[in-house]
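Numbered from 1 within each chain, the chains take letters A, B, ... in sequence-line order.
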Amino acid sequence: MTNLDAHSPPSERLPEIIRRLRLAHPDACCALQHRTPWELLVATILSAQCTDERVNKVTPALFERFPTPRAFADAERSEIEEAIRSTGFYRNKARHIQEVAQIVAYEYDGKVPADMATLLKLPGVARKTANVVLGVAFEIADGIVVDTHVKRLVTRLGLVKAKDPKKIEQELIAITPREDWIDLAHLLIFHGRRVCKARKPDCTACTLNDLCPSSELNPT
DNA sequence: ATCCCGAGGG
DNA sequence: CCCTCTGGAT
């Protein structure tokens, strides 16, 4: 073991950070319930500013009522809104889901596109959502998911300087082996939920505290 | 920068 | 009350 500390370069700390997070969170994975790429795409749109737990509460009934993209496409908008209301932003989310469903059903033969450029054309789908679908449903590492947890943790860890999610993603890509792109986000998200929480981070229990410039245990 | 939006925690 | 939760469009 070398003498890594909280102020070692990001590229040197990152492999050790990933190694320890894998040990701490061997169960890290996408927590959104889904059976198909389509269901994952819908669940991911619903997950904006909403816990995955709450998304999982509405999706079983949602996918029973609307089993296919075509069913969503031809539905009454208000019925979709009602089914997803508790996830917040329900009017925008219902509109996006229905518009995406119409495109998927009638332009892509019911299949979710498996490439970044096509996904990004869908209304309500930007890099975060596209990266989740590509990584989890298709096992394609085209980029790195940067959500609120990933942003908070990599900022606290001093792994990136940028504040804009797109720039953060580019900085992460530059220092992360591609084979870790998909796992990294899941590991950070699990760690963010359980330990490095937004309000009251539990630095004492954190497996990364000696590598973190923001740890309350380290001198600044 | 602001809006969309509901639910739960502190 | 205020903050946060796997954001995206205007």
Side-chain angles (χ1 to χ4, degrees), chain A residues 21 25 27-34 37-59 61-62 77-78 80-101 103 112 116-157 159-160 162-170 172-173 176 180-202:
Chain A
L21 287 177
H25 309 290
D27 54 334
C29 63
C30 178
L32 294 169
Q33 292 174 20
H34 62 282
W38 165 251
E39 290 191 358
L40 179 62
L41 174 57
V42 173
T44 307
I45 291 173
L46 291 175
S47 74
Q49 302 290 268
C50 174
T51 62
D52 55 326
E53 186 180 356
R54 181 152 295 285
V55 173
N56 290 337
K57 258 191 97 179
V58 308
T59 46
L62 183 68
R77 177 79 54 84
S78 58
I80 300 176
E81 289 177 354
E82 202 48 45
I84 67 170
R85 172 182 287 275
S86 65
T87 66
F89 297 161
Y90 63 92
R91 280 196 285 267
N92 278 337
K93 288 177 181 176
R95 186 179 78 251
H96 288 148
I97 288 169
Q98 187 164 49
E99 289 174 351
V100 169
I103 295 169
V112 175
M116 178 66 78
T118 311
L119 283 169
L120 291 180
K121 290 181 191 167
L122 300 173
V125 177
R127 293 196 61 86
K128 183 262 170 183
T129 301
N131 275 325
V132 169
V133 172
L134 287 175
V136 176
F138 298 115
E139 297 182 10
I140 295 173
D142 194 283
I144 297 176
V145 172
V146 178
D147 65 8
T148 180
H149 289 300
V150 173
K151 179 179 176 181
R152 182 178 71 253
L153 267 68
V154 297
T155 300
R156 285 178 175 171
L157 284 163
L159 294 177
V160 300
K163 296 178 180 178
D164 171 56
K166 282 189 220 168
K167 294 181 182 175
I168 290 176
E169 185 183 353
Q170 293 313 309
L172 287 178
I173 284 173
T176 309
D180 294 327
W181 287 6
I182 297 174
D183 280 359
L184 178 61
H186 292 138
L187 290 168
L188 290 171
I189 290 165
F190 268 59
H191 196 63
R193 279 208 207 113
R194 296 172 176 176
V195 181
C196 193
K197 295 171 283 189
R199 293 213 182 172
K200 199 178 149 195
D202 191 356

Is any side-chain N or O of [X] closer than 4.0 Å to OP1 or OP2 of [N]?
| X | N | result |
| --- | --- | --- |
| Arg54(A) | dC5(C) | no |
| Thr148(A) | dC5(C) | yes |
| Thr51(A) | dT4(C) | no |
| Arg95(A) | dC4(B) | no |
| His149(A) | dC5(C) | yes |
| Tyr90(A) | dG6(B) | yes |

Mark yes or no for whether [X], through its side chain, and [Y], through its backbone, hold a donor-acceptor pair below 3.5 Å.
| X | Y | result |
| --- | --- | --- |
| Asn131(A) | Ile144(A) | yes |
| Lys93(A) | Gly88(A) | yes |
| His191(A) | Leu187(A) | no |
| Trp181(A) | Thr176(A) | yes |
| Arg95(A) | Pro123(A) | no |
| Asp142(A) | Ala117(A) | no |

Atom pair distance, as rounded to whole Å: [atom1] in [X] and [atom2] in [N]:
| X | N | atom1 | atom2 | answer |
| --- | --- | --- | --- | --- |
| Arg127(A) | dA9(C) | CZ | P | 13 Å |
| Trp181(A) | dT6(C) | CH2 | P | 24 Å |
| Lys151(A) | dT4(C) | NZ | P | 12 Å |
| Asn56(A) | dT6(C) | CG | P | 11 Å |
| Gln49(A) | dA9(C) | CD | C1' | 13 Å |
| Asn92(A) | dA9(C) | CG | C1' | 8 Å |
| Leu153(A) | dT6(C) | CG | P | 12 Å |
| Lys197(A) | dG10(B) | NZ | C1' | 11 Å |

At under 4.0 Å between heavy atoms, what does [X] touch on the DNA or RNA strands: base, sugar-phosphate, or nothing?
| X | result |
| --- | --- |
| Ser47(A) | sugar-phosphate |
| Ala185(A) | nothing |
| Thr44(A) | nothing |
| Val146(A) | nothing |

Using the six-membered ring for Trp and the full ring for Phe, Tyr or His, decide whether Phe89(A) stacks on the six-membered base ring of dC4(B) (centres under 5.5 Å, planes under 30°). yes
Ignoring the backbone of Arg85(A), work out which of dT6(C), dC5(C), dG6(B) is nearest its side chain. dG6(B)
Compare the minimum distances between each of dC4(B), dT6(C), dT4(C) and the side chain of Ala198(A), then state the nucleotide with the smallest one. dT4(C)
Could you check whether the side chain of Arg91(A) and the base of dC4(B) have a donor-acceptor pair of N or O atoms closer than 3.5 Å, going by distance alone? no
P atom, dT10(C) versus dC5(B): distance in rounded Å? 14 Å
How far, in whole Å, is dG10(B) from dT6(C) if one measures between their P atoms? 15 Å
With nearest nucleotide decided by heavy atoms, which residue, Arg199(A) or Ser86(A), maps closer to the 5′ end of DNA chain B? Ser86(A)
More 5' along DNA chain C: His186(A) or Leu122(A), using each one's nearest nucleotide? His186(A)
